[in-house]
Amino acid sequence: MLAALAHAREHSPKRCDFIPLPPPVEEDAPESGIAFASGNWRRAVTDRRRPGMVARRHFEAMA
């Protein structure tokens with residue numbers, strides 16, 4: 001959770017709608033950076049058309 005919060009703060013000055021996923025906690029699971037979130041939050045912050053990216057504003061609200 002703290003790593004996700006630091007990631008959100010690092011990207012907060014950017015104006016783009018999507019930012020990269022937070023760094024993975026586990027090497028073999030790229031989405032493990034948001035593993036703390038519920039399934040509903042994961043669906044809200046990710047977009048199938050942009051793999052490896054999260055919606056910045058939704059991610060900030062989640063973190």
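Just so it is clear, the model here is predicted, and its values are computed rather than measured. What's counted below: heavy atoms across the whole structure, side chains too, no hydrogens, waters or symmetry copies.
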Starting from V45, can I reach M53 by hopping between I/L/V/M/F/W/Y residues whose side chains sit under 4.5 Å apart? no
Which atom names give the shortest non-hydrogen contact between R42 and I34, and what distance separates them? NE-O, 3.4 Å
L21 and M1: same hydrophobic cluster, using ILVMFWY side-chain contacts below 4.5 Å? yes
Determine the minimum heavy-atom distance between F59 and A8, stating which atoms define it. CE2-CB, 3.7 Å
So, for R50 and F18, which heavy atoms are closest and what is the spacing to 0.1 Å? NE-CE1, 3.2 Å
If we only count heavy atoms from C-beta on, is the F36 to M62 side-chain gap below 4.5 Å? yes
Heavy-atom nearest pair, P20 first then H7, reads O-NE2, 2.8 Å
What I'd like to find out is whether the side chain of I19 reaches to under 4.5 Å of the side chain of E10, using heavy atoms alone. no
So, for E60 and S12, which heavy atoms are closest and what is the spacing to 0.1 Å? OE2-CA, 3.5 Å
For the side chain of R56 and the backbone of C16, is there at least one donor-acceptor N/O pair under 3.5 Å apart? yes
With sequence neighbours left out, what residues match H58 under ring pair (Phe, Tyr, Trp, His ring centres under 6.0 Å)? none
